[in-house]
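In this text, all values refer to a predicted model and were calculated from it rather than measured experimentally.
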Amino acid sequence: MPPVDHELNLTTQAVLTYGSWALTAVALAIAIWMGMRERTPFYALLVLAALVGAFAEPLYDVAMMLYFYSTEGMFTHFTAFDIPQPIWTHSGYVVLYAAPAIYITYQIARGTMTRNKLYVWAGITLLESAAFEMIGINGGLYSYWGPHVFRIFQYPLVIGALEAAQVICFAVAASQLRARCTGQWQLLGLFALFPCTFFGANFGAGWPTIIAIHLEHTSTALVVAATVVSIGFAVVLVRAAASFLPLRTAADGEDREVNYAPAGL
């Protein structure tokens with residue numbers, strides 16, 4: 001059963017709420033500034049798409065057995081599936097997902113993002129997710145209460161792998177959308193693209209783990225096997241997304257223009 005009576009740490013809530021929303025304001029300001037330089041709303045829409053996409057967080061919570069502690073004093077704005085949602089989920093989505101996507105898409109547009117660099121950013125995104133969530137989990141804001149395995153400070157590593165894959169897929173798909181748009185209004189498709197890549201990666205690659213932790217008569221061995229498969233699927237997603245990028249940049253002797261066609265697995 002989810003820890004519905006677990007006490008919420010109000011100090012950690014205040015730090016994470018105000019801190020993440022301050023970072024969100026900075027990210028949005030930078031995105032607007034970059035957009036003005038390039039005469040496009042693309043970067044700002046990346047931020048807004050993640051901000052709005054957080055309203056679907058309850059679906060993720062149910063699947064991954066995540067529960068936000070909801071004792072007195074919680075900053076919450078709605079409840080779905082009996083899981084109260086903290087207002088920092090929206091800013092958290094911007095910090096964890098939109099911020100790295102801004103940089104990745106910018107480098108893709110310039111033709112300086114290679115496959116190897118994308119792999120590095122997948123690792124950076126995983127570490128960012130782990131750091132953010134370890135603070136939230138160990139700071140007394142929420143927990144992954146299901147029978148997850150491979151935990152570091154109560155943080156399931158499969159979560160970081162799936163989130164890294166999701167960010168990479170979102171950034172590459174968003175770049176593909178931008179390259180093919182014939183009008184700026186078509187960039188509004190980012191609002192549909194974000195949840196599609198979010199759930200496509202987390203549920204598509206994560207389904208073995210999701211099923212294993214929800215089984216009526218599950219076992220540690222089964223969850224371990226399912227988790228390894230999900231992490232493997234996440235790696236495949238990152239590799240597939242990288243196939244849309246060149247092996248080297250123009251500085252290494254290749255054309256600097258973005259290679260928008262899959263280069264082959």
How would you list all residue pairs meeting side chain to side chain donor-acceptor pair (under 3.5 Å) that involve residues 196-222, not counting sequence neighbours?
T209-S230
Would the Y103 and W121 ring centres measure less than 6.0 Å apart?
yes
So do the side chains of L177 and F42 get within less than 4.5 Å of each other, counting heavy atoms only?
no
I'd like to know if the side chain of T79 and the backbone of D82 have a donor-acceptor N/O pair within less than 3.5 Å.
no
Give the ring-plane orientation class for F198 versus Y93, where under 30° counts as parallel, over 60° as perpendicular and anything between as tilted.
parallel
So do the side chains of Y43 and W33 get within less than 4.5 Å of each other, counting heavy atoms only?
no
Heavy atoms, side chains only, cut-off 4.5 Å: are E128 and E163 in contact?
no
Of all heavy-atom pairs between A212 and L222, which one has the smallest distance, and what is that distance?
CB-O, 4.2 Å
Under the side chain to side chain contact (heavy atoms under 4.5 Å, CB included) criterion, do E7 and E72 qualify, and how do the steps go?
CA-CA 8 Å; E7 186 175 356; E72 185 177 356; over 6 Å; no
Spell out, as yes or no, whether a donor-acceptor pair under 3.5 Å connects the side chain of H90 to the backbone of A54.
no
Tightest non-hydrogen contact, residues L237 and A205, listed as CD1-CB, 3.9 Å
Kindly compute the distance separating CG (L48) from CG (L28), expressed to the nearest 0.5 Å.
6.0 Å
Return each pair, listed once, that meets side chain to side chain donor-acceptor pair (under 3.5 Å) where at least one residue sits in residues 141-159; pairs must be two or more places apart or across chains.
Y69-S143, S129-Y155, E133-Y142, E133-Y144
Output the distance between atom OG1 (T89) and atom CD (E57), rounded to the nearest 0.5 Å.
6.0 Å
Run the ring-centre check on Y67 versus H6 and record whether the distance is less than 6.0 Å.
no
What's the shortest heavy-atom distance between F150 and T227, and which atoms?
CD1-CG2, 3.6 Å
Are side-chain heavy atoms of L141 and Q13 found at a separation under 4.5 Å?
yes
In this structure, CD of Q184 is separated from CD of Q186 (nearest 0.5 Å) by 9.5 Å
Would you kindly confirm whether I108 and I124 end up in one hydrophobic cluster when ILVMFWY residues are joined by side chain heavy atoms under 4.5 Å apart?
yes
For the side chain of Q166 and the backbone of F194, is there at least one donor-acceptor N/O pair under 3.5 Å apart?
no
Assess whether a salt bridge exists between E38 and R110, defined as any Lys/Arg side-chain N lying under 4.0 Å from an Asp/Glu carboxylate O.
no
What distance separates M64 CE from L162 CG, expressed to the nearest 0.5 Å?
5.0 Å
Just by distance, do the side chain of Q176 and the backbone of V172 share a donor-acceptor pair under 3.5 Å?
no
Just how far is it from atom OG1 of T76 to atom CG of L8, taken to the nearest 0.5 Å?
10.5 Å
Working for side chain to side chain donor-acceptor pair (under 3.5 Å), residues S20 and S91:
CA-CA 5 Å; S20 62; S91 51; 2.7 Å; yes
Between I210 and A63, which heavy-atom pair has the shortest distance, and what is it?
CG2-O, 3.7 Å
Within one Ile-Leu-Val-Met-Phe-Trp-Tyr cluster: I102 and L51, side-chain cutoff 4.5 Å
yes
In a check of ring-ring contact (aromatic ring centres under 6.0 Å, His included) between W88 and each of Y18, F68, W21, which one passes?
F68
Establish, yes or no, whether a centroid distance under 6.0 Å links the rings of F199 and Y60.
no
With the 4.5 Å side-chain cut-off for hydrophobic clustering, are V120 and V235 part of the same group?
no
Main-chain N/O of Q85 paired to H77 side chain as donor or acceptor, under 3.5 Å:
yes
When hydrophobic residues are tied together by side-chain contacts of less than 4.5 Å, even through go-betweens, does V158 share a cluster with I213?
yes
Just checking F153: does its CZ atom have more than 12 heavy atoms from other residues, nucleotides or ligands closer to it than 6.0 angstrom?
no
Kindly indicate whether the side chain of T40, heavy atoms from C-beta on, has any atom under 4.5 Å from the side chain of L187.
yes
Do the side chains of T24 and V95 get nearer than 4.5 Å, heavy atoms only?
yes
Quick one: closest heavy-atom pair of A122 and A164, and the distance?
O-CB, 3.4 Å
Quick check for you: to the nearest 0.5 Å, what is the distance between L193 atom CG and L45 atom CG?
11.5 Å
Quick one: closest heavy-atom pair of T105 and L46, and the distance?
OG1-CD1, 3.6 Å
Same hydrophobic cluster for V149 and I152, using side-chain heavy-atom links shorter than 4.5 Å among ILVMFWY?
yes
